[in-house]
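Both ligands and their constituent atoms are indexed starting at 1 by order of listing. Residue numbers run from 1 in the order of the sequence given. Below, each value reflects all heavy atoms present in this structure, side chains not excepted, and no hydrogens, waters or symmetry copies.
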Amino acid sequence: MKDKYKKIWELALPYQDKRDDKGHAKIVTEYTFELCQIEKANEIVAVAAAILHDIGWSKLSQEERLNIFGSKITPEAEYEIRLKHQNESVKLAKKILNTAKYPIIYFKDIFEIISEHDTREGFLSSEDGVMRDADKLWRYSQKGFQADLSRNNFTFDFLYNKMLKNIDRKNYFCFDSARDIARQELENRRREFSE
Ligand SMILES: [Fe+2]
Ligand SMILES: [Fe+2]
């Protein structure tokens, strides 16, 4: 990772992957780098948003962090938890970016992406698009797909078909390049499954 991102990566590390989703931050950051190249999005904004988007989960209770996967929770309660993790991520991101002496001119754009990365309808900018596409691509990656399978007790075919349908859902992905990666990843999951 380039030096300018290393500092925030290290400062954020203790707050990452707090939802039984080991590898999430790393994989989302990697897809963000890749999509920035393809879509010519500003890495300085998108990569910082990717690294810092979910660190707020660390400030929520264990119950809040994991309940969101349960079927017991109402949509309203789930929405509240989502808002809370976004707000906490922004607060922590502010501290980390300041400590890392990250260029202040990008703060506003970074916080804007983080503040509604799970709840915004549609996309604000290319940077918002690549970061949030990368967040979704996690679910198509080997680790993310496996985490979804075991946590929900889904069969392979059920999850495969669900994720395949999501690819073409309106406003699910911002970019066709992300849709292509998602299709490719699903083929990889199918191949691993039948090996
Ligand atoms: Fe999130
Ligand atoms: Fe995420």
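Taking hydrophobic clusters as Ile, Leu, Val, Met, Phe, Trp and Tyr residues chained together by side-chain heavy-atom distances below 4.5 Å, Ile110 shares a cluster with Leu13.
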Anything under 3.5 Å between a donor and an acceptor, one on a side chain of residues 92-109, the other on a protein residue two or more places apart or in another chain? List them.
residue, atom, partner, partner atom, Å
Asn98, ND2, Lys94, O, 3.1
Thr99, OG1, Lys95, O, 2.7
Tyr102, OH, Ile44, O, 2.8

Using a 3.5 Å cut-off and no angle test, enumerate the donor-acceptor pairs between side-chain atoms of residues 164-171 and protein atoms at least two apart in sequence or in another chain.
residue, atom, partner, partner atom, Å
Asn166, OD1, Arg169, NH1, 2.8
Asp168, OD1, Arg183, NH2, 3.2

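A salt bridge is absent between Lys84 and Glu80; no separation between the charged side-chain nitrogens and carboxylate oxygens falls under 4.0 Å. The pair Arg120-Asp128 meets the salt-bridge criterion, with a side-chain N (NZ, NE, NH1 or NH2) lying under 4.0 Å from an Asp/Glu carboxylate O.
In the hydrophobic clustering, Leu83 connects to Tyr79, either directly or through intervening members, whenever side-chain heavy atoms lie under 4.5 Å apart.
Ordered by chain and number, His24 NE2, His53 NE2, Asp54 OD2, Asp135 OD1 make up the set of protein N, O or S atoms under 2.8 Å of the Fe ion (ligand 2).
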